[in-house]
Participant: 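One structure, as structure tokens, below. Some questions next.
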Amino acid sequence: MSLYSAHFLRNIKQNLCVDDRDPPDIQFNHQGYLTLSSQANAHILEQNYKLQTELGAKVELMSSMRLKERFPWLNTDEVEVGTYGLENEGWFDPYLLTRSFKQKAESLGAQYCLGEVVGFECSKLDKQLSVPEFYVGQGKRIKAVKVRMPNSPEVIDVQCAFAVVCAGSWSGEVTTTLGIGQGTAEELMDVPLPVEPRKRYVYVAHCPDGPGLDCPMIVNVDGVYTRREGLGGNYLMGSCPPEEAEPDCENLNVDYDFFEEKVWPSMANRVPAFENLKLKSAWAGFYDYNTIDQNAIIGTHPAFPNLLLATGFSGHGIQQSPAVGQAISDLIFEGKFVEIDLNRMGFERFLNKQHVRESNIY
Ligand SMILES: Cc1cc2nc3c(=O)[nH]c(=O)nc-3n(C[C@H](O)[C@H](O)[C@H](O)COP(=O)(O)OP(=O)(O)OC[C@H]3O[C@@H](n4cnc5c(N)ncnc54)[C@H](O)[C@@H]3O)c2cc1C
């Protein structure tokens with residue numbers, strides 16, 4: 001999915017150009033990800049490296065000595081090994097990407113409507129469907145999506161041939177209105193969609209003496225990460241809290257102690273120049289967290305042949321978005337995955353207990 005998306009983004013000007021407008025610019029900053037590992041976890045990083053390079057990713061496996069040579073400002077104490085992406089890695093402005101997708105879709109005839117999905121209307125499947133033949137199977141069909149419009153008590157039924165649940169962190173909640181997770185195993189309705197919000201903080205620090213243009217996105221041995229933000233000596237930093245200390249999701253307040261106690265000490269140890277940083281600002285957002293295996297859930301729900309799921313990206317949904325869009329489009333128009341085989345990412349894996357786990361994912 002990442003390789004597909006990288007290729008798509010390399011050609012974004014052709015892919016998302018709209019006739020009379022300037023070509024899209026998502027402020028792509030080409031820079032590798034440097035993932036570090038202690039001796040205890042080195043074998044996992046090495047396995048990941050092997051898999052990634054077998055699949056065509058250009059990644060260098062670096063010893064502690066090589067790391068020091070390549071990044072002299074890095075403290076390599078307790079670092080056994082690191083991997084560094086040589087191609088197809090970097091960061092960009094996700095808002096600009098979303099806007100470019102939207103403009104392109106509108107230019108091709110898509111209509112957008114702002115409202116809150118509050119339920120669905122279903123019917124038994126029959127042969128007189130507006131969905132292609134391959135979707136006529138067992139189960140119920142979504143006839144309409146119930147949408148509450150802003151500033152109005154009115155709920156409108158939007159008739160549909162297909163509905164795609166892509167409500168990010170709230171996807172689990174949306175599917176409970178269909179009874180998913182509240183029925184029986186025979187109906188394939190006993191397993192809920194395991195997606196919920198998890199609060200994550202992003203801190204912006206200023207450090208004029210920090211590493212310069214060659215500073216990669218660094219993931220420290222304990223999962224604390226940093227990357228350069230622009231060219232003015234600013235850095236984004238953050239980390240995932242341990243499972244037992246997950247913050248509540250009632251609001252988007254930032255925990256500044258988490259920066260003082262966890263993020264800053266880790267990064268100042270790894271990059272000594274960061275001892276002198278100053279915290280400038282911070283914000284929080286919700287990860288669209290798949291509580292079972294932290295990977296995307298893509299495909300048809302087995303009990304609803306015209307209900308598609310595209311959710312649960314657990315913090316890596318932007319980089320996968322071009323591949324996800326293509327996969328959902330293939331499912332709707334062709335009834336199967338064509339460009340990329342994402343069968344392993346389907347909801348069925350929770351019914352069959354064939355989870356898709358990865359290591360060293362933050
Ligand atoms: C701090 C942070 C850092 C991240 N860093 C990265 C990163 O480095 N790389 C990366 O790839 N990803 C990253 N992500 C994850 C990425 O943002 C998500 O995976 C991605 O946005 C998911 O896209 P989505 O379209 O599925 O969901 P979203 O972007 O969450 O969009 C879902 C939309 O559905 C709407 N919605 C919800 N419920 C309803 C309803 N009932 N009716 C109508 N609309 C509804 C929401 O308002 C929202 O607009 C990060 C996330 C956070 C919070």
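All ligand and atom numbering here is 1-based and tracks the order in the structure.
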Participant: What is the nearest protein non-hydrogen atom to atom 43 (C) of ligand 1, stated with its residue, atom name and distance?
Facilitator: Gly115 O, 3.3 Å

Participant: Between Arg70 and Glu60, is the closest basic N to carboxylate O distance under 4.0 Å?
Facilitator: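 Salt bridge absent between Glu60 and Arg70.
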
Participant: Counting only nitrogen or oxygen atoms and a 3.5 angstrom limit, does Ile318 reach ligand 1?
Facilitator: yes

Participant: Going by the ring pair (Phe, Tyr, Trp, His ring centres under 6.0 Å) test, name the single residue among Phe120, Phe347, Phe162 that passes it with His301.
Facilitator: Phe347

Participant: Just to confirm, does any protein heavy atom lie below 4.0 Å from atom 17 (O) of ligand 1?
Facilitator: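 Yes.
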
Participant: Can you pull out the closest protein heavy atom to atom 3 (C) of ligand 1? Residue, atom name and distance to 0.1 Å, please.
Facilitator: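 Nearest neighbour among protein heavy atoms for atom 3 (C) of ligand 1, to 0.1 Å: Tyr287 CE1, 3.8 Å.
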
Participant: Is there a protein heavy atom less than 4.0 Å away from atom 49 (O) of ligand 1?
Facilitator: no

Participant: Using distance alone, decide if ligand 1 has a nitrogen or oxygen within less than 3.5 Å of any nitrogen or oxygen in Ser169.
Facilitator: no

Participant: Give me the residue, atom name and distance of the protein heavy atom closest to atom 25 (O) of ligand 1.
Facilitator: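 Nearest protein contact, heavy atoms only, for atom 25 (O) of ligand 1 is Cys166 O, 4.4 Å.
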
Participant: Output yes when Glu243 and Arg198 qualify as a salt bridge under the 4.0 Å nitrogen-oxygen rule, no when they do not.
Facilitator: yes

Participant: Does the protein put a heavy atom under 4.0 Å from atom 10 (C) of ligand 1?
Facilitator: yes

Participant: Does OH belonging to Tyr95 count more than 12 external heavy atoms closer than 6.0 Å?
Facilitator: no

Participant: Starting from atom 39 (C) of ligand 1, locate the nearest protein heavy atom and write down its residue, its atom name and how far away it is, to 0.1 Å.
Facilitator: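 For atom 39 (C) of ligand 1, the nearest protein heavy atom comes out as Ala167 CB, 4.0 Å.
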
Participant: Any nitrogen or oxygen of Val117, main chain or side chain, under 3.5 Å from a nitrogen or oxygen of ligand 1?
Facilitator: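 Yes, there is a polar N/O contact under 3.5 Å.
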
Participant: Is any heavy atom of the protein nearer than 4.0 Å to atom 27 (O) of ligand 1?
Facilitator: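 Answer yes: something from the protein, a heavy atom, is under 4.0 Å.
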
Participant: Check this for me - ligand 1, Gln319, N or O atoms closer than 3.5 angstrom, yes or no?
Facilitator: yes

Participant: What protein heavy atom sits nearest atom 7 (C) of ligand 1, and how far away is it?
Facilitator: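 For this ligand atom, the closest protein heavy atom is Gly315 O, 3.7 Å.
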
Participant: Under a 3.5 Å threshold, yes or no: a donor from one side chain and an acceptor from the other, between Tyr4 and Glu339?
Facilitator: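 No donor-acceptor contact under 3.5 Å links the two side chains.
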
Participant: Between Phe286 and ligand 1, which part of the residue brings a heavy atom under 4.0 Å of the ligand: side chain, backbone, both or neither?
Facilitator: backbone

Participant: What's the shortest distance from atom 30 (O) of ligand 1 to any protein heavy atom, and which residue and atom give it?
Facilitator: Gly168 CA, 3.6 Å

Participant: Mind checking whether Val271 and Phe71 have side chains closer than 4.5 Å, heavy atoms only?
Facilitator: no

Participant: May I ask you to decide whether Lys50 forms a salt bridge with Glu46, counting only side-chain N to carboxylate O separations under 4.0 Å?
Facilitator: no

Participant: Measure up the Phe286 and Trp170 rings against each other and bin them: parallel (under 30°), tilted (30 to 60°), perpendicular (over 60°).
Facilitator: perpendicular

Participant: Among the clusters formed by ILVMFWY side chains lying less than 4.5 Å apart, do Leu3 and Phe8 turn up in the same one?
Facilitator: no

